[in-house]
Number of protein chains: 2
Amino acid sequence: MIKITEVLRKKGLKVTPQRIAIYAMLSNTKSHPSAEEIYKALMPTNPTISLATVYKTLDIFKTTGLVHELSVGNGRSNYDANVLVHPHIVCTKCGKIYDFEIQGLNSLRNQVANQTDFIVESEQLTFYGTCPDCQKN
Amino acid sequence: MIKITEVLRKKGLKVTPQRIAIYAMLSNTKSHPSAEEIYKALMPTNPTISLATVYKTLDIFKTTGLVHELSVGNGRSNYDANVLVHPHIVCTKCGKIYDFEIQGLNSLRNQVANQTDFIVESEQLTFYGTCPDCQKN
DNA sequence: GTATCTGCAAATTCTTTGCAGACAG
DNA sequence: CTGTCTGCAAAGAATTTGCAGATAC
């Protein structure tokens, strides 16, 4: 946990138990939880934490680049402590969100920069389908 | 407008003035409006239309495949009558959403199918950056 | 004529805000 | 100490729902 303390301090953030808990929870999961899910996961260990604090903290983490916010079309935001930009695939049956890696993203990004006259800053590549577990049912 | 009537009828939907108006509005814009924006755009010509009807209609259009719903991370849904899957680029300054075309998407899709064990159904490729207009300011 | 659609108002869900007390540095 | 953070409750924004009357077919 000393490591998380350092991460926060390096970003110039005050180190509070809530921030440590939220960042630790997000770093230790691959599940891309929503604010509510983070809140519920922390309740047992941090019984006084509030949902508003979770939202405020995620907001600060977003703007300092500690987490990414995903919009996959489920009516809420999901959060990811892996800030290296990478694609996601969402199961349309169970809603789970998975990371994966593909090749050729650089050529894709170059094409985007060339074809649009935008200064491209980031991207969100989301695929949808049926996950292996849900295929069995 | 006869054309829209046919489109709706072919999907087995009842043809109502509201549905025609919503589909016509979406077909004739490149602006990817939200439900509220569609509603406001139709107010002058359809003064009795309600926002709830816009939402319900968009929901039906989604499930019948007449429109796509986009989630670009602005806290609401945006709608697109161009149902050929294509990437979007969003200006982080003014919020405008643009279509564009790139090559190599098929190889990308094949990689996704190979690397994940998902049955891939669709995708949403969203890039973010500063649009030409906003670069001038 | 009948099932579906519309418009209204109320309800729901997700997120943000204001403020007073608590805490980190 | 002082400025920032937390937790609470209330507010706000987007979307959904229930229902009675209207309309498409």
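Chain letters run A, B, ... following the sequence lines, proteins first, then strands; residues in each count from 1.
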Distance in angstrom units between B:K10 NZ and D:dC25 P, rounded: 16 Å
Look at the side-chain N and O atoms of A:Q18 and state whether any lies under 4.0 Å from the OP1 or OP2 oxygen of D:dG7. yes
A:N78 versus A:N74, side-chain donor and acceptor atoms under 3.5 Å: yes
Can you tell me if B:E69 and B:S77 form a side-chain donor-acceptor pair at under 3.5 Å? yes
Can you confirm whether or not the ring centre of A:Y79 sits under 6.0 Å from the ring centre of A:F61? no
Are A:E36 and A:R76 within salt-bridge range, i.e. N to O under 4.0 Å? no
How long is the line joining CD1 of B:I60 and P of C:dT4, in whole Å? 11 Å
How about B:H68 and B:D80: does a side-chain donor come under 3.5 Å of a side-chain acceptor? no
Over how many whole Å does the gap from B:N46 atom CG to C:dC5 atom P extend? 18 Å
Taking atom C1' of C:dG25 as reference, at what distance in whole Å does atom CD1 of A:I20 sit? 14 Å
Could you state the atom-to-atom distance from CE of A:M43 to C1' of D:dG7 in whole Å? 13 Å
Options C:dC5, D:dA24, C:dG25, nucleotide nearest the side-chain atoms of A:K14: C:dG25
Which nucleotides of nucleotides 8-15 of chain D have their base under 4.0 Å from a protein heavy atom (B), which only their sugar-phosphate (S), and which neither (-), written as one string 5' to 3'? BB----SB
Candidates D:dT6, C:dT4, C:dT6 - which lies nearest the side chain of A:T16: D:dT6
Given atom CG of B:D59 and atom C1' of D:dT17, what is their separation to the nearest angstrom? 12 Å
So does B:E121 pair up with A:K93, basic N to acidic O under 4.0 Å? yes
If the threshold is 4.0 Å, N to carboxylate O, is there a salt bridge linking B:D59 and B:K62? yes
Length of the line joining A:K11:NZ and C:dA24:C1', which is rounded to integer Å: 20 Å
Atom CG of B:L13 and atom P of C:dA3 are separated, to the nearest Å, by 19 Å
